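Some notes on the structure that comes next.
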2 protein chains.
Amino acid sequence: MNVTIYDVAREANVSMATVSRVVNGNPNVKPATRKKVHEAIERLGYRPNAVARGLASKKTTTVGVIIPDISSIFFAELARGIEDIATMYNYNIILSNSDQNKEKEIHLINTMLGKQVDGLVFMGGDITEEHRQEFRNASVPVALAATLDESGETPSVNIDYEDAAYEATDLLLSHSKRVAYVSGPDNTSINTKKLDGYKKAMKEHGQGVDDQLLIVGDYSYDSGKEAAEQLLDLEERPSGVFVASDEMALGVIHGFQDSGVRVPEDVEVFGFDNTRLATMIRPTLSTVVQPMYDIGAVSMRLLTKLMNKEEVEETNVILPHRIIERNSTNAE
Amino acid sequence: MNVTIYDVAREANVSMATVSRVVNGNPNVKPATRKKVHEAIERLGYRPNAVARGLASKKTTTVGVIIPDISSIFFAELARGIEDIATMYNYNIILSNSDQNKEKEIHLINTMLGKQVDGLVFMGGDITEEHRQEFRNASVPVALAATLDESGETPSVNIDYEDAAYEATDLLLSHSKRVAYVSGPDNTSINTKKLDGYKKAMKEHGQGVDDQLLIVGDYSYDSGKEAAEQLLDLEERPSGVFVASDEMALGVIHGFQDSGVRVPEDVEVFGFDNTRLATMIRPTLSTVVQPMYDIGAVSMRLLTKLMNKEEVEETNVILPHRIIERNSTNAE
DNA sequence: CTGAAAGCGCTAACAT
DNA sequence: ATGTTAGCGCTTTCAG
């Protein structure tokens, strides 16, 4: 049997209400009483039961975090941002992997709501009407991190993917006439945005989009290697490749190198994300800097405001990105 | 106001107890009643309140996970193993980063216990007497993952670090006469074990331990680069380097390469962990395979048994490791 | 400034 | 097979 607030009350010769007050820092307690209570707490080794508190107060000070895969270097970085800010605001985090599987996602949303989380941070692929339905039903706020809701209905934090992809492609096009694009799995809106940016740059440089130059990967290192091999098989090889994630870009680079094709001399490669990987390879990777930690942090911060019912001017936050040129592309 | 078990009971014309029974899958319910209740639940959109359930049953079906840094590729992999098995056994996870800071660790243990977790998975550096004190006080089981408790008192899952380090060094010594060791931050017991393994191999090969050959890093890529530079400054350079983590090994390799020293021709490098990084670099990294996912998974499985009060034959589990030779070392 | 008492939503005996 | 009834440990009016 654990010691309860009632035991403390008796030990200190006060009521439960008073103990509750000192535990919660309510100022309406005479210093002498406060001291008495603190001593009793100390003596008994009392530790408030957050579950009981949650039931009574209807606040659990925990938020749910749904993430595709915590072992991905990209999402892990996001998660760290989320957790740091959560800690800062005294929340704990219930973390679950969804593998971007819609059924799992819906299921997780529900178990987390069942656990009475005060809010939800969601990361995933596409937000469907079904997701929105669940979110509306939630009775607690939801924030999307690095995840797009086309309807704009769910608060979110992202960068401008299209713009970023445009800039990267444009830069490549400034010294490579023929540039390919290795995308993530089709059909998610972030992918579509990036592809749009690529196409826009191509168009501006007077190029049509050659389907041979469009390879669909799955963000993994291995799919990057495969993409490189496919590109190498083309009768007319690209001289530049824009890749939708750093890890996949790494695969592309090695795919080339393993076939004796030099990067950047023979072909330039441009990544996306700027994960720690980018400087941990040779050549170091030119890439789009996506502030993952910040996206996580800002989304959590946004959520705290929402949970607090504070006014939020902009619920669909776009964080700045930038381009960083390293050694996988040719300098001007 | 959310719909409660009481509302469902009234809607279905049964008692709360019956509703509770069907929600919890208790077989003692007539199928017809069960159906009636399910319909009422559906109609009302009832979702059981896990907090209330937790208070009444004294089980929250959530476990706490304390991890040094979720954004580290090594720990993220462990975390995935933990979460997968937790999900399998219907537990959720409260995840917090400790940065291996003892104060934070102790604090986290306490807030998690306050939240009435059913158990705790702990990852960290050293387990001190203070940690043990907290664990004993916990009233719920604790399992260590990739973390040593010298006293053997806390259930844990690890590999044999000394043995692994011995094998790696021994292999290096079979074609390099002079091998250096780049360790993690001093003074944690895992580090000590690895160092012991290194020393043992050196001794067996008739070599004393040359302090110049012992570099202390912090597991990071950058500290690996620095270590390489230090090693290069030696009047008598090593021909092989054993490094305590893959990420740091990567740094060592690049430190060498950036100075025009070839790996493995001029110097061999051996890593530890076999994170995904190991095959994502050139040359690919020879390393000790530490089954991180499994360590996480097994520790969580162990914890479920402990929470279930099942008999556990061995509470200090040692998982097998192995050596994998890739291209950062010379073949026989 | 402090206490009494009524829940919060559910589980778990104990009856029936 | 189903209902009744205490709590679980805490917060929160409402009095005083």
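Quick caveat, the model's predicted, so the values are computed rather than measured. Numbered from 1 within each chain, the chains take letters A, B, ... in sequence-line order.
Taking atom NZ of residue B/Lys58 and atom C1' of nucleotide D/dA6, one finds them 14 Å apart after rounding to whole Å. One interatomic measurement links the two molecules: CD of B/Gln116 to P of D/dG9, which rounds to 9 Å at whole-angstrom precision. In this structure, CG of A/Asn2 is placed 19 Å from P of D/dG7, rounded to the nearest angstrom. Rounding to whole angstrom units, CG of residue A/Asn13 and P of C/dT2 are separated by 13 Å. Going from atom OH of B/Tyr6 over to atom C1' of C/dG9 covers 13 Å, rounded to whole Å.
Taking five base pairs at each end of the helix from C/dC1-D/dG16 to C/dT16-D/dA1, the local helix axes there meet at an angle of 30°, rounded to 10°.
Side-chain atoms of B/Asn316 and B/Ser156 form a donor-acceptor pair, as typed in the model, at a separation below 3.5 Å. Counted by atom type alone, B/Lys104 and B/Ser96 present zero donor-acceptor pairs between their side chains at under 3.5 Å. A/Asn110 and B/Arg47 form a side-chain donor-acceptor contact under 3.5 Å, judged by distance and modelled atom types alone. Side chains of B/Glu103 and B/Asn101: a donor-acceptor N/O pair is absent below 3.5 angstrom, by distance only. When only modelled atom types and interatomic distance are considered, B/Ser20 and B/Asn24 share a side-chain donor-acceptor pair under 3.5 Å.
Evaluation of the ring-ring contact (aromatic ring centres under 6.0 Å, His included) test over residues 96-154 of chain B, restricted to residues two or more places apart or in two chains, returns B/Phe122-B/His131, B/Phe122-B/Phe135.
Comparing A/Asn49 and B/Thr18 by the nucleotide of DNA chain D that holds the closest heavy atom to each, the one mapping nearer the 5' end is B/Thr18.
When the side-chain contact (heavy atoms from CB on, under 4.5 Å) test is applied to B/Glu77, the partners found at least two apart in sequence or on another chain are A/Ser71, B/Arg276, B/Met292, B/Tyr293. In terms of the side-chain contact (heavy atoms from CB on, under 4.5 Å) criterion, A/Ala56 has no residue partners (sequence neighbours excluded).
Within the 4.0 angstrom heavy-atom criterion, no nucleotide atom of any strand lies near A/Val51.
Remark: of the listed residues B/Val157, B/Leu303, B/Ile85, B/Val157 is the sole one forming a side chain to side chain contact (heavy atoms under 4.5 Å, CB included) with B/Val298.
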* How would nucleotides 11-16 of chain C be written as a contact map, 5' to 3', with B for base contact, S for sugar-phosphate-only contact and - for no contact, using protein heavy atoms under 4.0 Å? -> BBB---
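Annotation: proximity of residues 25-45 of chain B to DNA chain C (heavy atom, distance under 4.0 Å) is found for no residue.
Here CD of A/Glu83 is found 9.5 Å from CE of A/Met300. Values are rounded to the nearest 0.5 Å.
Salt-bridge formation is detected for the pair A/Glu129/A/Arg136: a Lys NZ or Arg NE/NH1/NH2 atom is positioned less than 4.0 Å from an Asp or Glu carboxylate oxygen.
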